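One structure is given below, encoded as structure tokens.
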Amino acid sequence: MLPSDVNDPAAIGGVPLAQARIDWGHGRIIGFSVPADDALAFDVVQLWLDGRCVASAVANLSVFDFARDLSGLNLPSREHSAFELRIPQAGLLPAHVGETAVSLEVRTSRGGQVLSTTIQGLHELLRLTDGAPVDLLYQVRFHGLSGGALQGAVINLHGVAQRPALLARLNDQAPEPLAFYESAADGRVHHFAIPVRVDRLVDGANQVSVCGPDGQPLGSYPIQIGASTLGEADRKLAALEAEVAFLKRLVLTQNPEALPARLALLKSEIVNICSEMLTLQRTNFEREWLARPVPPGGAPAIGGARPAGRPANQPASAGQA
């Protein structure tokens, strides 16, 4: 029997070898798949998004566990041949997160097509995703310390209706739920305030981070405690260095297959950060130049020094010449 026969009703007595459907109620893809050439083996199914495999599963679950949700399909006589698939969070690319349609396919490991459909819009895609890719959906902006709390906002990049379930972490302490006190009418901006308790800070450098439920970082804010207080330029430089470290950690913790697309997404942010750091370095250099010790008699002219007491337009004497 050919692999193309997996959806042929005449393949084995009118019962197809493999079928699948989307269970929107539970946010998953379910179905069954029976190997055509080995009655004792289990089949392997793969989930594809826009022509790229993002997940796989062994079809060895009991069809009776999915009998209600598989109603309408011709169930096979082999009990342990069902499967369940969800889109992994790390499998989503920036091109998938938007309002464009995304093709979804379920194939067997031998190339047979079990399901082929199109996902319309971000809400349908997130419904089938195991966890929300917070780095692609939200952006964190810090507004600074005020009233004993770190103020900031979470920007909803794609108009997702619900408030994000994010966490706040101080240094290496246990994360706590990020509390929002106000949201914009359109749901695109959510304002938060993170209480900063002095007894939980350490002398020197501290860091407040906002991360997702799985610990994926979204942004960090440095706080300096101690005798040496950072100036405005140094504080900005420390914040930029923390953001660069965050971007580096964000890239290194992603799915290797998704790195090229995510690197392209972050390229413009990294360029802006480098530009700001160069501007700060130039500012610090100009301050050091203006604050340098001035030699007696004042600073030398740009065109070079000349003997004191002689006007600029008076020629030198013969002896001096």
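Just so it is clear, the model here is predicted, and its values are computed rather than measured. Start at 1 with the first residue, then count along the sequence.
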### Query
Measuring from Leu166:CG to Ser209:OG, what's the distance to the nearest 0.5 Å?
12.5 Å
### Task
Apply the test side-chain contact (heavy atoms from CB on, under 4.5 Å) to residues Arg78 and Phe42: give CA-CA distance (whole Å), side-chain angles for both, the deciding distance (0.1 Å), then the verdict.
CA-CA 11 Å; Arg78 181 174 178 177; Phe42 294 108; 3.6 Å; yes
### Query
Are any side-chain N or O atoms of Asp130 and backbone N or O atoms of Ile87, one a donor and one an acceptor, separated by less than 3.5 Å?
no
### Test side-chain contact (heavy atoms from CB on, under 4.5 Å) applied to Thr100 - qualifying residues, sequence neighbours left out
none
### ILVMFWY cluster, Trp48 and Val114 together (side-chain gap under 4.5 Å)
no
### Query
Atom CZ of Arg141 and atom CG of Leu218: how far apart are they, to the nearest 0.5 Å?
13.5 Å
### Task
Write down the atom of Ile29, the atom of Ala20, and the distance for their closest heavy-atom approach.
CG2-CB, 4.5 Å
### Query
Checking Arg86 side chain against Thr129 main chain: does a donor-acceptor pair fall under 3.5 Å?
yes
### Message
So does Ser33 get a backbone contact from the side chain of Ser81, meaning a donor-acceptor N/O pair under 3.5 Å?
### Response
no
### Query
Do Ser103 and Asp50 touch side chain to side chain, with heavy atoms closer than 4.5 Å?
yes
### Query
Applying the side-chain contact (heavy atoms from CB on, under 4.5 Å) test to Ile194, which of Leu178, Leu145, Leu170 qualifies?
Leu178
#### Entry: For Arg169 against Pro175, the heavy-atom pair lying closest together
NH1-CD, 3.7 Å
#### Entry: Pair Ser62, Glu79: side-chain N/O donor-acceptor within cut-off below 3.5 Å
yes
### Query
Taking atom CG of Leu115 and atom CD of Glu105, what is their separation to the nearest 0.5 Å?
8.5 Å
### Message
Could you walk me through whether Leu137 and Leu157 satisfy the side-chain contact (heavy atoms from CB on, under 4.5 Å) test, starting with their C-alpha distance in whole Å, then the side-chain angles of each, then the deciding distance to 0.1 Å, before giving a yes or no?
### Response
CA-CA 5 Å; Leu137 298 178; Leu157 299 177; over 6 Å; no
### Beyond-backbone contact of Leu49 with Leu104, side-chain heavy atoms, under 4.5 angstrom
yes
### Task
Taking all heavy atoms of His191 and all of Ala153, pick out the closest pair and write down the distance.
ND1-CB, 3.9 Å
### Task
Using the side-chain contact (heavy atoms from CB on, under 4.5 Å) rule, take Gln151 and Tyr181 through it: C-alpha gap first, then chi angles, then the decisive distance, then the call.
CA-CA 11 Å; Gln151 309 288 334; Tyr181 65 86; 3.6 Å; yes
### Message
Main chain of Trp24, side chain of Arg127: is a donor-acceptor contact present, judged purely on distance under 3.5 Å?
### Response
yes
### Task
Enter the distance from Phe32:CZ to His80:NE2 here, rounded to the nearest 0.5 Å.
15.5 Å
### Query
Under 3.5 Å, is there a donor-acceptor pair between the side chain of Asn156 and the main chain of Val189?
no
#### Entry: Intermediate values then yes/no, side-chain contact (heavy atoms from CB on, under 4.5 Å), Arg21 and Asp23
CA-CA 6 Å; Arg21 61 172 296 184; Asp23 178 13; 5.7 Å; no
### Task
Report the residues that fulfil side chain to side chain donor-acceptor pair (under 3.5 Å) with Gln173, sequence neighbours left out, ordered by chain and then residue number.
Arg200
#### Entry: Single-linkage hydrophobic cluster Leu167~Ile223, side-chain heavy atoms < 4.5 angstrom
no
### Summary
Residues Leu61 and Glu84: closest non-hydrogen pair is CD1-N, 4.2 Å
### Message
Nearest 0.5 angstrom please: Gln207 CD to Leu201 CG, how far?
### Response
12.5 Å
### Expected output: side-chain Arg110 to main-chain Asp43 donor-acceptor under 3.5 Å
no
#### Entry: Mutual orientation of the aromatic rings belonging to Phe192 and Phe180 [parallel < 30°, tilted 30-60°, perpendicular > 60°]
perpendicular
### Arg28 NZ/CZ over Phe83 ring centroid, <6.0 Å and within 45° of normal
no
### Task
Could you pull out the closest heavy-atom pair between Arg197 and Asp199, with the gap in Å?
NH2-OD2, 2.8 Å
### Task
Considering non-hydrogen atoms only, spot the tightest contact between Leu128 and Gly27 and give its length.
CD2-C, 3.7 Å
